[in-house]
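Here is the naming used below: chain letters follow the sequence lines, and residue numbers restart at 1 for every chain.
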Amino acid sequence: MIQVTAKILEKEEVAPDHYRLALDAPLISKDASPGQFIHVNITSQYMPLLRRPFSIHRITPFGIEILFRIVGTGTKLLSEKRQGDELDIIGPLGHGFSIKNNAFTAILVAGGVGVAPLFALAERLRQFTEVRILIGSKTKTGVICLEKFEALGIDVQVATDDGSLGIKGVATDLLEDFLATSASPQLPIYGCGPMPMLRILSEIAHLYSSPCQISLEANMACGVGACLGCVAKIANPHSPSHFEYKRVCVDGPVFDAREILWR
Amino acid sequence: MIQVTAKILEKEEVAPDHYRLALDAPLISKDASPGQFIHVNITSQYMPLLRRPFSIHRITPFGIEILFRIVGTGTKLLSEKRQGDELDIIGPLGHGFSIKNNAFTAILVAGGVGVAPLFALAERLRQFTEVRILIGSKTKTGVICLEKFEALGIDVQVATDDGSLGIKGVATDLLEDFLATSASPQLPIYGCGPMPMLRILSEIAHLYSSPCQISLEANMACGVGACLGCVAKIANPHSPSHFEYKRVCVDGPVFDAREILWR
Amino acid sequence: MQTIEPDISVNIGKLKLKNPVLCASGCFGYGQEYAELVDLSMLGGIILKGITLKERHGNPMPRIVETSAGMLNSVGLQNMGLSRFLREKLPLLSNIPTNVIANICGETPEEYATIAKELSNKDSIAALEINISCPNVSHGGMLFGQDMMLTFEVVNLVRKQTSLPLIVKLSPNVTDIASIARAAVDGGADAVSLINTLLGMAMNIKTKKPRLANITGGLSGPAIKPVALRMVWEVCKAINVPVIGQGGIMTWEDSLEFLLVGATAVCIGTANFVNPKASMEIVQGIKDYMKQHKMIELKAIRM
Amino acid sequence: MQTIEPDISVNIGKLKLKNPVLCASGCFGYGQEYAELVDLSMLGGIILKGITLKERHGNPMPRIVETSAGMLNSVGLQNMGLSRFLREKLPLLSNIPTNVIANICGETPEEYATIAKELSNKDSIAALEINISCPNVSHGGMLFGQDMMLTFEVVNLVRKQTSLPLIVKLSPNVTDIASIARAAVDGGADAVSLINTLLGMAMNIKTKKPRLANITGGLSGPAIKPVALRMVWEVCKAINVPVIGQGGIMTWEDSLEFLLVGATAVCIGTANFVNPKASMEIVQGIKDYMKQHKMIELKAIRM
Ligand SMILES: Cc1cc2nc3c(=O)[nH]c(=O)nc-3n(C[C@H](O)[C@H](O)[C@H](O)COP(=O)(O)OP(=O)(O)OC[C@H]3O[C@@H](n4cnc5c(N)ncnc54)[C@H](O)[C@@H]3O)c2cc1C
Ligand SMILES: Cc1cc2nc3c(=O)[nH]c(=O)nc-3n(C[C@H](O)[C@H](O)[C@H](O)COP(=O)(O)OP(=O)(O)OC[C@H]3O[C@@H](n4cnc5c(N)ncnc54)[C@H](O)[C@@H]3O)c2cc1C
Ligand SMILES: Cc1cc2nc3c(=O)[nH]c(=O)nc-3n(C[C@H](O)[C@H](O)[C@H](O)COP(=O)(O)O)c2cc1C
Ligand SMILES: Cc1cc2nc3c(=O)[nH]c(=O)nc-3n(C[C@H](O)[C@H](O)[C@H](O)COP(=O)(O)O)c2cc1C
Ligand code: FES
Ligand code: FES
């Protein structure tokens, strides 16, 4: 974990309101693993005040890439940065995906901009296993990185709410279909996307006894475990109340889906 | 007085840290007179929160120009705007210079970026009288608009604190020299610049019984006379305390030097 | 489909406002100052700059300093005093095409009462707002609004002098705003408005002097909105008269937050300086929001 | 010319800090969290996350929401409780190369006293900060720090249990902070620190629900600096023990404002989140400022 000033090497508008930034940060990339994130200072003007967390989208020898969608002031300002501008970033942060080298096909399930960390994960996993990704989005323009996954030789399936690309439905529909017809049991599942999707994903994984890791989001302040602002409710049999609040920024953002208490 | 969104037609760095912006605002320019100002909203991010006042530097049929120096966050952000960007401005505001058509030579005295309103004034005055301008600045790079005044056929004299251009001294030294040697009495004086300079200017004008108008500065909030945040201490023989606080934004920014109570 | 024009009128005591948006005292002069920039007829009403019994010069300069997403002011209640107000300003108010509310401030309960009485039979004044963030000279400078008994006392005395709708403007510089609000209602307030500014300060590290000549001043603007909203929420739970919310409202979304927690109306203060059109945009924003959500009455907004 | 290295050490009771910059409670975990980003040995000290007698889960999510130039938090004092702290965290503290101050919080005066006693003979704890912005369960949820008598009582009881330097952390949600500070000093405080967060709130207009699961939370960051500075100034005039100033300090210039009005030291809270290097930069900034102005002692800064 270090704090560095990283130059923006590349900026690309990958889809309407979606941007990819490649950052010059070799000292971060050398320690980074899929599922981790960086914490970005967007402005020195105190508006917005706090850093913004973004998953590591790609790890290269020169640095890292992030992929983000404009949802508010911070991401809007970030989208206005230009190639050559510098960003004050901290990373790599958090506990990423646990990657076990096993023979099974890995299934990645992405909702919207949830593909961001899954690309770094796919690049890692495909070195030793078959990877499939199921991408869900509201509509066709929100399906991002499709060609990039295909270029890695990864099988991509798509679901959109309006049926404008792939099946009409959501990513977890694709997952259920796949698991129902798949011969091999207990395929490892990796998910990232909005909370309601992750919840359904966890239930499906539970039903098929598949190990399932999901990357959570939470409003963050420090990003390093100091403020306790970003917790998730996690099962803890040793606690009298059977739960504890764990920090998404250091104990996650990737958690075992079975641990999460959804209410 | 209107609030308009004005496009930046031209942007010029006239000297280090000094910028001139030409704004597309015909509805403001048609009512504007020298010594008035506009109130500029620099960002919608609340940092800085308040508008910034800038004197009208030139009045053209297409709009107005402002000339400013970077001194803090607001002027820094303003200097980063580009040609084609739009600014939310209010103007023309305030009580400008009273221009009486008399035969005497008009003497303009500027300290630093205080030349800004005096250029619009000079363009107006030269239509019927001889104009001279005395410009003071810390050093040569801060002496701005020199050629522009000369191009109008106006006699320019310069004083710099370090003697890097013109005489070594301040603008009011030039004024004293001039008045001491001038044959014509009671020449009208118009001044704009830092408060200590304006104070000395007023004393000199008093000594030579010259009518003297000066443009004051004050921190402003509303700019339209509503908040009472921008007052100057003005003599008022009818008040029991012999003074009242008048609003720089509407009762000024130009005041008769004799009215101002300097303590 | 035909959309019904939503009814966004509200009542403050017996005063009916065509919409819940008022311009705040001290931030809108006497109305005329903004008349060229704002269509005053679009507003629910305007609250005048505070009036005192005697003329006040106000504080020396600087009176204003910017802070992070806020501003400090120490105008010091500069105003021409009651009698000049009646002579010079009152006649102009009849031209203002919306409700005009006078804001009054005194050094003793009796001063409040005197001003209230004088303003009570004037056609162009629709209601009174009494600003209790004023030091009580006979109590060592403590503000009326910092004490339940003093609040009750001054409101009660004013109540006896006027049948105009009476709004009591609360100071946020207190431990328990709800109890002060209750005291105001007990004293006879038809409504309360809050928050006035938070007491603050800023230093100039170059001169080593306070940035305001008066040392301290009142903090307003977006910076204070979370504190304002919390206090409005607390007061709405505590009393049964209309609450006028304010403090850092810049947009219609901000105003909705106050309406959601129970405010009947909102005041726009510092926002006028930043964007004179703010109050009009807020009226329009509330209307549009209601149309979009098919609400026909303002109280449908509440949480 | 040779420049003398200025002496910026300060004393808080019998505790000597090598410089006046502390990291604030709740904003710096137990120190280790920031150890890879901050050279802890450069700091005057760190104040630990608040410790309660029993373990606390804290509040549900969301716990954090941004506001204009500020943030609201409602962590709800999540911590592992005293006994797990002693077992799991205390042993790690001896590795921290600066002064470690424990921050304690209780539901009754006795709870404070118990925690204070337990922490008093531990080598790695240099001082105690008692957070009196905690609800007193036996007084209907009023905060200890909102009442002079309660403040005196809790400080006095803790004082009897410890000979460590005792810092009392004041709540700003009060009418008269100076009188609370006096009560703390009367109770035996060696220093006071202020301000804790201002109570605030934010609404989500889409869901019509409060943005924080806990409804209200504590406002911190640049937005509150003017209020913090004013209160620090008031308290510095009222008492004769060291005052630790905080609230919105982001830069060395901000910290200087607090030192100018009389603070002996400063705490850096929210700034750590924005820029983990803030505390180090502030130490350096103060040193550079003093060198530039040829000051050799910190108190030369005062106004
Ligand atoms: C560990 C982690 C990794 C992330 N990785 C990515 C990524 O790779 N790409 C990407 O586009 N986004 C990612 N996010 C989400 C991203 O951080 C938020 O979109 C961003 O902080 C929003 O900032 P803003 O100022 O634009 O929006 P704001 O103005 O703060 O908020 C706008 C809207 O977005 C919602 N929002 C704000 N923050 C979050 C959040 N953290 N999660 C969900 N909703 C939020 C708000 O509730 C609000 O409705 C990640 C979040 C976390 C916690
Ligand atoms: C009627 C009027 C006309 C003006 N015309 C011009 C002009 O034509 N060209 C120009 O360059 N400037 C002009 N100014 C000054 C200009 O408004 C300020 O420089 C500007 O507001 C500073 O904003 P900032 O955010 O950059 O600085 P800030 O960050 O607000 O302040 C930086 C420093 O500048 C000082 N400062 C801030 N505002 C003022 C002010 N109004 N007067 C003096 N010092 C100030 C502050 O005390 C501080 O030391 C005018 C001011 C007034 C009142
Ligand atoms: C410059 C200024 C002057 C003010 N004068 C008064 C006043 O005379 N009487 C009063 O009751 N409130 C006065 N206020 C307080 C405002 O009416 C309002 O309550 C406060 O600023 C909070 O709202 P805001 O954040 O929207 O500005 C003044 C505020 C400002 C900024
Ligand atoms: C997330 C968070 C948690 C906090 N937890 C505590 C705490 O446990 N005990 C305490 O005394 N103060 C706590 N505080 C208050 C800070 O120590 C500090 O007094 C306050 O935030 C104001 O300073 P700032 O504006 O620099 O953050 C907390 C503040 C924040 C933002
Ligand atoms: S963001 Fe601070 S603990 Fe996770
Ligand atoms: S700036 Fe408001 S009265 Fe002049």
Engineer: Report the distance from atom CH2 of D:Trp233 to atom OG1 of C:Thr216, rounding to the nearest 0.5 Å.
Structural biologist: 5.5 Å

Engineer: Say you draw a straight line from CE of C:Met203 to CZ of D:Phe258; how long is it, rounded to the nearest 0.5 Å?
Structural biologist: 11.0 Å

Engineer: Sort out for me which of C:Ile215, C:Asp147, C:Val232 touches chain D most, counting heavy-atom pairs under 4.5 Å.
Structural biologist: C:Ile215

Engineer: Nearest 0.5 Å, please: how far is NZ in D:Lys225 from CE in C:Met201?
Structural biologist: 11.5 Å

Engineer: Can you sort out the partners of C:Cys105 under disulfide (SG to SG under 2.5 Å), two or more places apart, ordered by chain and number?
Structural biologist: C:Cys134

Engineer: Is it the side chain or the backbone of D:Leu229 that comes within 4.5 Å of chain C heavy atoms, both, or neither?
Structural biologist: both

Engineer: Could you look at C:Leu219 and say if it's the side chain, the backbone, both or neither that has a heavy atom under 4.5 Å from chain D?
Structural biologist: side chain

Engineer: Which region of D:Ile205, side chain (C-beta onward) or backbone (N, CA, C, O), has a non-hydrogen atom less than 4.5 Å from a non-hydrogen atom of chain C, or is it both or neither?
Structural biologist: both

Engineer: Check each atom of C:Leu143 against the heavy atoms of chain D and say whether the ones under 4.5 Å are side chain, backbone, both or neither.
Structural biologist: neither

Engineer: Out of D:Asn204, D:Leu199, D:Thr67, D:Val65, return the one with the most heavy atom pairs under 4.5 angstrom to chain C.
Structural biologist: D:Leu199

Engineer: Any idea which of D:Pro226, D:Ala223, D:Gly200, D:Ala202 has the most non-hydrogen atom pairs under 4.5 angstrom with chain C?
Structural biologist: D:Pro226

Engineer: For chain D, which residues of residues 168-184 of chain C have at least one non-hydrogen atom nearer than 4.5 Å to it?
Structural biologist: C:Asn173, C:Val174, C:Thr175

Engineer: Under 4.5 Å heavy-atom distance to chain D, tell me which part of C:Tyr289 shows up: side chain, backbone, both or neither.
Structural biologist: side chain

Engineer: When rounded to the nearest 0.5 angstrom, what is the spacing between NZ in D:Lys206 and CG in C:Leu256?
Structural biologist: 12.0 Å

